[in-house]
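What you see is a predicted model, and the numbers here were worked out from it, not measured in a lab.
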Amino acid sequence: MANTNGYVKVGELATVTGLTVRTLHYYDEIGLLSPSGRSGAGHRLYSTDDVQRLYRIGLLRNLGLRLDEVAAALDDPAWDLAGVMNRHVVDLDRRLAVGHRLRQRLTTMAAAVNDHRSLETRELLDTLEDMAMLDTKIQRRIPTLVYRDIAAAHAYLTTVFGMEPGRLSKGEDGTVHHAEVTAGDGVIWLHAVSEQFKLQSPITLGACTEGMSIVVEDVDAHFRHAKAAGAEILYEPTDQFYGYRDYSARDLEQRLWSFMTPLD
């Protein structure tokens, strides 16, 4: 990674981490990761300590923590970066050991089958146990929303609906083909229209076949921000019989969004 007098430029940091410059700017705005230096032109410059903090942020985000929870953990004097990394190594070693053992078991069993020898029940049970240890099952859901203009949708969702900006992946021509935003405890992928997979935006279809419901801390405050930012409001915050106070709005490509807060 290139540096300027020991500092890393914001664009370089974004490139190597897969984050966007916009995300790093956002981290600075909320005080999560403020660069230690500035260039003569006022550009953000990150020190080694800053990069280490970003690594810690990444670790905590991978554990599913919200940004406010990440900030609280980083400010905890009891935080042990080396301990977290060592536990990560131990977990990887464990999985590698199980995988290696499973490979040996399967190789031995395959040889037995090829030699027309019967397999012992204990062998099968041990193999099933190792397989279960490596089986991750379903750990996470990532909704994918289709847009004609991913870059514009990304900007809209983060500025109007207040979602956290994630990565933007561009092609050689600069066109954004994939983008991500974070809403609370989960990430949302923004996907391009695709004839191959028969994916279309609601604005193209003239109808919305799905929507997103997002729980927010203060639905009335969220509503006021979205309305002031120009969102198309379908109905204002209303107490609903199903235990939430919510409102609905459409984004720039006519997808339906509902934002809600649980009623006391």
Side-chain angles (χ1 to χ4, degrees), residues 1-89 91-92 149-190 216-217 221-222 225 228-229:
M1 199 186 317
N3 61 72
T4 302
N5 296 326
Y7 288 90
V8 180
K9 297 178 181 178
V10 64
E12 297 172 274
L13 189 59
T15 298
V16 299
T17 59
L19 298 172
T20 64
V21 170
R22 180 187 180 90
T23 297
L24 292 172
H25 286 182
Y26 181 71
Y27 285 179
D28 185 13
E29 290 172 9
I30 64 175
L32 183 62
L33 178 66
S34 297
S36 297
R38 293 274 180 172
S39 68
H43 299 303
R44 292 169 173 82
L45 297 175
Y46 294 82
S47 68
T48 300
D49 287 343
D50 297 335
V51 176
Q52 290 181 0
R53 183 178 175 88
L54 183 58
Y55 172 75
R56 293 160 63 188
I57 291 171
L59 282 177
L60 293 170
R61 291 293 279 163
N62 286 338
L63 293 175
L65 273 66
R66 301 189 309 270
L67 287 183
D68 59 336
E69 294 172 325
V70 170
L74 291 178
D75 294 333
D76 183 353
W79 168 262
D80 180 13
L81 175 60
V84 172
M85 296 174 72
N86 288 331
R87 287 194 295 273
H88 195 181
V89 170
D91 183 63
L92 287 174
D149 188 335
I150 296 178
H154 187 270
Y156 188 96
L157 296 179
T158 54
T159 57
V160 178
F161 289 160
M163 298 178 192
E164 298 169 19
R167 73 175 62 195
L168 290 168
S169 300
K170 300 180 180 180
E172 294 182 357
D173 62 353
T175 301
V176 177
H177 297 290
H178 172 84
E180 299 175 8
V181 296
T182 298
D185 63 348
V187 66
I188 299 173
W189 285 1
L190 311 184
V216 297
E217 182 177 6
H222 192 280
H225 171 83

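Residues Ser34 and Asp50 share a closest heavy-atom pair of O-OD1, 3.8 Å. Of all heavy-atom pairs between Arg38 and Arg44, the closest is NH1-CG, 3.5 Å. Pairing each heavy atom of Ala155 with each of Thr159, the nearest pair is O-OG1, 2.6 Å.
Contact of the Leu157 side chain with the Leu190 side chain is registered, since non-hydrogen atoms from C-beta on lie closer than 4.5 Å. Residues Leu60 and Leu74 have side chains in contact (heavy-atom distance under 4.5 Å, counting atoms from C-beta outward). Side-chain contact between Thr23 and Pro165 is present, with at least one heavy-atom pair separated by less than 4.5 Å. Using a 4.5 Å heavy-atom threshold, the side chains of Leu45 and Lys9 count as touching.
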TODO: Would you sort out whether Val10 and His43 count as a side chain to side chain contact (heavy atoms under 4.5 Å, CB included), showing the intermediate values?
DONE: CA-CA 8 Å; Val10 64; His43 299 303; 5.6 Å; no
- [ ] Start with the C-alpha gap between Leu168 and Arg22, add the side-chain angles, then the distance that decides, and say whether side chain to side chain contact (heavy atoms under 4.5 Å, CB included) holds.
- [x] CA-CA 10 Å; Leu168 290 168; Arg22 180 187 180 90; 5.8 Å; no
- [ ] Would you check, one step at a time, whether the test side chain to side chain contact (heavy atoms under 4.5 Å, CB included) holds for Tyr46 with Leu24?
- [x] CA-CA 11 Å; Tyr46 294 82; Leu24 292 172; 3.9 Å; yes
Task: side chain to side chain contact (heavy atoms under 4.5 Å, CB included) between Leu54 and Leu19, intermediate numbers included - done: CA-CA 11 Å; Leu54 183 58; Leu19 298 172; 4.0 Å; yes
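Side chain of His154 to backbone of Gly166: a donor-acceptor contact under 3.5 angstrom is found. Here the side chain of Thr175 pairs no donor or acceptor atom with the backbone of Gly171 at under 3.5 angstrom. With His225 contributing its side chain and Phe161 its backbone, the two residues share no donor-acceptor pair below 3.5 Å. Although no hydrogens or angles enter the test, the distance criterion places a donor-acceptor pair under 3.5 Å between the side chain of Arg53 and the main chain of Leu32. No side-chain donor-acceptor contact under 3.5 Å links Asp28 to the backbone of His25.
Atom CD of Glu12 sits about 14.5 Å away from atom OH of Tyr7, to the nearest 0.5 Å. Atom NE2 of His222 is separated from atom CD of Glu217 by 11.5 Å, given to the nearest 0.5 angstrom. The line from OG1 of Thr17 to CZ of Arg167 is 8.0 Å long, rounded to the nearest 0.5 Å.
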